Visitor: 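Below is one structure. I have some questions about it.
For clarity, every value in this text was computed on a predicted model and none was experimentally measured. Values below: every heavy atom of this structure, side chains too, minus hydrogens, waters and symmetry copies.
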Amino acid sequence: MRKPMLGVSMMAEADFVSAVLPLLQNNSMDVLEWSFDTLYQPYEPDWLRDLLNFYAENGRLIGHGVYYSLFDARWTERQDEWLKKLKEEVRLRKYSHITEHFGFMNTENFHQGVPLPVSLHPKTLQIGKDRLYRLQEAVDIPVGVENLAFSFSIDDVKEQGVFLDRLTEDTNGFLILDLHNIYCQSCNFGVGMKEIIDLYPLHKVKEIHLSGGSWQESAYGKKQVRRDTHDDAVPQDILSVLPSVMEQCQHLEYVIIERLGHTVKTEEEKASFLTDFNTVRTIIEISDMKWEERNWRKKEITLPEKPLEDLILYEEQSVLTKLLFENADVSVIKNHNFHYFKTENWDPEMILTAQNIIKKWNPY
């Protein structure tokens, strides 16, 4: 089998286009990933439409969703509209696969939201499977899920791999293994990257994401908090584990480097981005691993006509998001009588971090 294809998550900003132009000109870009629900076709500039269509026509375009919200416990017109737009997008442009994020966003202004994690519980798993079924039913191409960087507790970190395995078992779904997301959890909870990675069903990994991030000062004067902000070079710790991780993922097909479009303004930043790309290219080229093809075609599933909902879970998701947005005291959140969220086990530092993230994005 061929080696994994290397590409980037495409951004529309002029600075980003300038940074990746050398890679496009010398045909180094094997594949493009496009977050289709951040800028739908009617609003795409002509050059971007032509570029995406070129990769699509050559079977080298993969889609990455942001706003579907796999674990939103209430089904609304928003999800219906999202799936409708996805169907049209896939009809107009040939994607090799589609992926979404783990987590939920249930605020009114969801396009400025950020996915929050859910704990493994029979009901949350049922909700997630229902949403994933409907996503898979909407398209006739493979569908996968990406692991989430942010976690409230070490328990959530350790169970996310199991959660993703169960979530995808009925649809023949695959995983994106985002190594910077793992890196964030490793730094924030003092667990080795390899220890976390080994908890994942690596035989389901079809795609790997690589990116950089930033450090946030601790509110308690302790070690800094690692954030998945996609605004810096890929850390060396990630590049060091990449060869062994790739060897463990026998069905790996894509490696994608992510960087926000407005964070490659200077020549130094552009050079750093290209260095990351070329370093990963070398890692792939020198590997003698024999990756195996796998059929990721969807399984036939009989869907209930009405989407599964749980109004108690929805209410708790809404209350939690509101408490975080309103900067409720950490003790109030930890002592709140939730059924589906194990807030008593949450790290206070991570609660404050979530409050900072939500305040920044202002989902209301």
Visitor: Decide whether Lys123 and Gln126 meet the rule of one side-chain donor and one side-chain acceptor closer than 3.5 Å.
Guide: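 Result is yes, a qualifying pair exists.
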
Visitor: Could you check whether any side-chain N or O of Tyr254 sits under 3.5 Å from a backbone N or O of Glu33, counting only pairs where one atom can act as donor and the other as acceptor?
Guide: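 Flag not set: sc Tyr254 to bb Glu33 has no pair under 3.5 Å.
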
Visitor: Does the ring pair (Phe, Tyr, Trp, His ring centres under 6.0 Å) test come out yes or no for Phe71 and Tyr340, once each step is laid out?
Guide: CA-CA 12 Å; Phe71 290 92; Tyr340 291 109; over 10 Å; no

Visitor: Once ring pair (Phe, Tyr, Trp, His ring centres under 6.0 Å) is applied, do any residues pair with Tyr133, and if so which ones, sequence neighbours excluded?
Guide: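 Tyr133: no ring pair (Phe, Tyr, Trp, His ring centres under 6.0 Å) contacts found.
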
Visitor: I would like to know whether Glu253 and Val31 meet side-chain contact (heavy atoms from CB on, under 4.5 Å); could you show each step before the answer?
Guide: CA-CA 10 Å; Glu253 294 185 32; Val31 60; over 6 Å; no

Visitor: If you look only at distance, which donor and acceptor atoms sit under 3.5 Å apart when one is on a side chain in residues 140-150 and the other is two or more places apart or in another chain?
Guide:
unit_1	atom_1	unit_2	atom_2	d
Glu146	OE1	His64	NE2	2.9
Glu146	OE1	His101	NE2	3.3
Glu146	OE2	Asn181	ND2	3.4
Glu146	OE2	His209	ND1	3.4
Asn147	OD1	Asp178	N	2.7
Asn147	ND2	Asp178	O	3.3

Visitor: In terms of the angle between their ring planes, are Tyr183 and His180 parallel, tilted or perpendicular, with boundaries placed at 30° and 60°?
Guide: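 Tyr183 vs His180 ring planes: tilted.
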
Visitor: Enumerate the salt bridge (Lys or Arg N to Asp or Glu O under 4.0 Å) contacts for residues 334-347, please, sequence neighbours excluded, ordered by first and then second residue.
Guide: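 Not a single pair qualifies under salt bridge (Lys or Arg N to Asp or Glu O under 4.0 Å).
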
Visitor: Are Ile176 and Ile256 side-chain neighbours, meaning at least one heavy-atom pair lies under 4.5 Å?
Guide: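 Result no, sub-4.5 Å side-chain heavy-atom pair not found.
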
Visitor: Testing the basics here: between Leu239 and Pro243, what is the closest heavy-atom pair and its distance to 0.1 Å?
Guide: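 So the minimum-distance heavy-atom pair works out to O-CD, 3.3 Å.
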
Visitor: When rounded to the nearest 0.5 angstrom, what distance separates OG in Ser35 from CE in Met10?
Guide: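 One gets 11.5 Å once the value is rounded to the nearest 0.5 Å.
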
Visitor: For the side chain of Glu258 and the backbone of His230, is there at least one donor-acceptor N/O pair under 3.5 Å apart?
Guide: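 Flag not set: sc Glu258 to bb His230 has no pair under 3.5 Å.
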
Visitor: Any donor-acceptor pair under 3.5 Å linking the side chain of Thr279 with the backbone of Thr275?
Guide: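 Pair found, side chain donor or acceptor close to backbone of Thr275.
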
Visitor: Quick one: does any side-chain atom of Gln317 pair with a main-chain N or O of Ala73 as donor and acceptor, under 3.5 Å?
Guide: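 Present.
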
Visitor: Answer yes when Asp15 and Arg259 have at least one side-chain N-carboxylate O distance shorter than 4.0 Å, and no when they do not.
Guide: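 Answer for the salt bridge query: no.
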
Visitor: Heavy atoms, side chains only, cut-off 4.5 Å: are Met193 and Ile196 in contact?
Guide: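 Sidechains of Ile196 and Met193: no contact.
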
Visitor: Could you walk me through whether Gln216 and Gln224 satisfy the side chain to side chain donor-acceptor pair (under 3.5 Å) test, starting with their C-alpha distance in whole Å, then the side-chain angles of each, then the deciding distance to 0.1 Å, before giving a yes or no?
Guide: CA-CA 6 Å; Gln216 174 183 299; Gln224 293 178 308; over 6 Å; no

Visitor: Take the angle between the ring planes of His97 and Phe174 and call it parallel below 30°, perpendicular above 60°, tilted in between.
Guide: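 If you compare the ring of His97 with that of Phe174, the planes turn out tilted.
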
Visitor: Report yes if the side chains of Asp276 and Leu210 come closer than 4.5 Å at any heavy-atom pair, otherwise no.
Guide: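 Side chain of Asp276 against side chain of Leu210, heavy atoms only: no contact under 4.5 Å found.
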
Visitor: Sequence neighbours left out, what passes ring pair (Phe, Tyr, Trp, His ring centres under 6.0 Å) with Phe16? Give chain and number order.
Guide: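 Once residues adjacent in sequence are excluded, the partners of Phe16 under the ring pair (Phe, Tyr, Trp, His ring centres under 6.0 Å) criterion are Phe273.
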
Visitor: Ignoring hydrogens and angles, state whether a donor on the side chain of Gln136 or Asn172 is under 3.5 Å from an acceptor on the partner side chain.
Guide: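 The answer is no; no qualifying pair exists.
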
Visitor: Output yes when a side-chain donor or acceptor of Ser186 lies under 3.5 Å from a complementary backbone atom of Ile182, and no otherwise.
Guide: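 Not at all, since once roles are kept as given, no pair shorter than 3.5 Å links the two residues.
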
Visitor: Are the side chain of Tyr95 and the backbone of Trp34 linked by a donor-acceptor contact shorter than 3.5 Å?
Guide: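 Checked: no pair found.
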
Visitor: Does atom CG of Asn26 have more than 12 heavy-atom neighbours from other groups under 6.0 Å away?
Guide: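 It does: Asn26 CG has more than 12 such atoms within range.
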
Visitor: Say you draw a straight line from CG of Leu48 to CG of Asn53; how long is it, rounded to the nearest 0.5 Å?
Guide: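 CG of Asn53 is found 9.0 Å from CG of Leu48.
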
Visitor: Side-chain heavy atoms nearer than 4.5 Å, only ILVMFWY residues, links allowed to pass through others: does that put Tyr55 and Val17 together?
Guide: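 Yes, one cluster joins them.
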
Visitor: Working to the nearest 0.5 Å, report the span between CG of Leu313 and OG1 of Thr124.
Guide: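 Here the rounded value is 7.0 Å.
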
Visitor: Could you walk me through whether Ser153 and Asp155 pass the side chain to side chain donor-acceptor pair (under 3.5 Å) test, one step at a time?
Guide: CA-CA 5 Å; Ser153 71; Asp155 294 336; 4.6 Å; no

Visitor: Does the Ser214 side chain pair with the main chain of Asp228, one donor and one acceptor, at a distance under 3.5 Å?
Guide: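 Pair absent, no side-chain N/O of Ser214 close to backbone of Asp228.
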
Visitor: Verify the neighbour count for atom CD of Gln25: are there more than 12 heavy atoms of other residues, nucleotides or ligands below 6.0 Å?
Guide: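 Yes.
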
Visitor: Filter on side-chain hydrogen bond (donor to acceptor under 3.5 Å, both in side chains), then keep only pairs touching residues 157-167, sequence neighbours left out; what's left?
Guide: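 Pairs touching residues 157-167 that pass the test: Asp165-Lys204.
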
Visitor: I'd like to know if the side chain of Asn295 and the backbone of Arg297 have a donor-acceptor N/O pair within less than 3.5 Å.
Guide: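 Yes; judged by distance alone, with no hydrogens or angles, the pair exists.
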
Visitor: Would Tyr314 and Trp75 count as a ring pair (Phe, Tyr, Trp, His ring centres under 6.0 Å) here? Give the steps.
Guide: CA-CA 10 Å; Tyr314 172 74; Trp75 187 267; over 10 Å; no

Visitor: Checking the side chain of Arg281 only, and the main-chain atoms of Ser28 only, is there a donor and an acceptor separated by less than 3.5 Å?
Guide: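 Yes, because the side chain of Arg281 sits within donor-acceptor range (under 3.5 Å) of the backbone of Ser28.
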
Visitor: As an exercise, state the distance from CG of Leu199 to CG of Leu164, rounded to the nearest 0.5 Å.
Guide: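 One finds 11.5 Å between CG of Leu199 and CG of Leu164.
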
Visitor: Is Ile351 reachable from Tyr220 through a run of I, L, V, M, F, W or Y residues, each pair having side-chain heavy atoms under 4.5 Å apart?
Guide: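 Yes: a chain of side-chain contacts under 4.5 Å links Tyr220 to Ile351.
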
Visitor: Return yes when atom NZ of Lys94 has more than 12 non-hydrogen atoms of other residues, nucleotides or ligands closer than 6.0 Å, and no otherwise.
Guide: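 No, the 6.0 Å shell around NZ holds no more than 12 heavy atoms from other groups.
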
Visitor: Please name all residues satisfying ring pair (Phe, Tyr, Trp, His ring centres under 6.0 Å) with Trp346, sequence neighbours left out, ordered by chain then number.
Guide: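 Counting only residues at least two positions away or on another chain, Trp346 forms a ring pair (Phe, Tyr, Trp, His ring centres under 6.0 Å) with Phe152.
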
Visitor: Taking atom types as modelled, is there a side-chain donor on Ser287 or Lys3 under 3.5 Å from an acceptor on the other?
Guide: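 There is no such pair between these side chains.
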
Visitor: Within 45° of the axis and under 6.0 Å from the centre of the six-membered ring of Trp215, does NZ or CZ of Arg227 qualify?
Guide: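 Not flagged: Arg227 not positioned over aromatic ring of Trp215.
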
Visitor: Check this for me, if you would: do Arg78 and Asp72 make a salt bridge, where the nitrogen-to-carboxylate-oxygen distance has to be below 4.0 angstrom?
Guide: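 Salt bridge flag = yes for Asp72 with Arg78.
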
Visitor: Report yes or no: is the cationic atom of Arg294 (NZ for Lys, CZ for Arg) closer than 6.0 Å to the six-membered ring centre of Trp296, at no more than 45° off its axis?
Guide: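 Geometry flag: set, cation within 6.0 Å and 45°.
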
Visitor: Is Asp130 salt-bridged to Arg134, going by a charged N under 4.0 Å from an acidic O?
Guide: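 Arg134 and Asp130: salt-bridged.
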
Visitor: Are there over 12 heavy-atom neighbours, none belonging to Lys194, within less than 6.0 Å of that residue's NZ?
Guide: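 No, NZ of Lys194 has 12 or fewer neighbouring heavy atoms, counting only those of other groups under 6.0 Å.
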
Visitor: Identify the two heavy atoms, one from Leu352 and one from Ala219, that lie closest to each other, and give their separation to 0.1 Å.
Guide: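 For Leu352 and Ala219, the tightest heavy-atom pair comes out as CD1-CB, 3.4 Å.
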
Visitor: Would you say CD of Glu285 has more than 12 non-hydrogen atoms from neighbouring residues, nucleotides or ligands within 6.0 angstrom?
Guide: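 Enclosed: over 12 neighbouring heavy atoms sit under 6.0 Å from CD of Glu285.
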
Visitor: Strictly distance-based, threshold 3.5 Å: is any side-chain N or O of Gln79 a donor or acceptor partner for the main-chain N or O of Ser69?
Guide: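 Checking the backbone N and O of Ser69 against the side chain of Gln79, no donor-acceptor pair under 3.5 Å is found.
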
Visitor: Answer yes or no: is there an ion pair linking Arg91 with Glu88, defined by an N-O contact shorter than 4.0 Å?
Guide: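 Looking at Arg91 and Glu88, the cut-off is met.
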
Visitor: Has Ile312 got more than 12 heavy atoms of other residues, nucleotides or ligands less than 6.0 Å from its CD1?
Guide: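 No, the 6.0 Å shell around CD1 holds no more than 12 heavy atoms from other groups.
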
Visitor: Out of curiosity, Cys249 SG to Tyr200 OH, how far, rounded to the nearest 0.5 Å?
Guide: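 If I round to the nearest 0.5 Å, the distance is 12.0 Å.
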
Visitor: Should we count NZ of Lys299 as having more than 12 external heavy atoms under 6.0 Å?
Guide: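 Enclosed: over 12 neighbouring heavy atoms sit under 6.0 Å from NZ of Lys299.
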
Visitor: Does some side-chain heavy atom of Asp156 sit less than 4.5 Å from a side-chain heavy atom of Phe163?
Guide: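 With C-beta onward as the side chain, the pair stays apart.
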
Visitor: Do Glu349 and Asn188 pass the side chain to side chain donor-acceptor pair (under 3.5 Å) test, and can you show the C-alpha distance, the side-chain angles, and the key distance before you say yes or no?
Guide: CA-CA 9 Å; Glu349 189 83 74; Asn188 294 337; over 6 Å; no

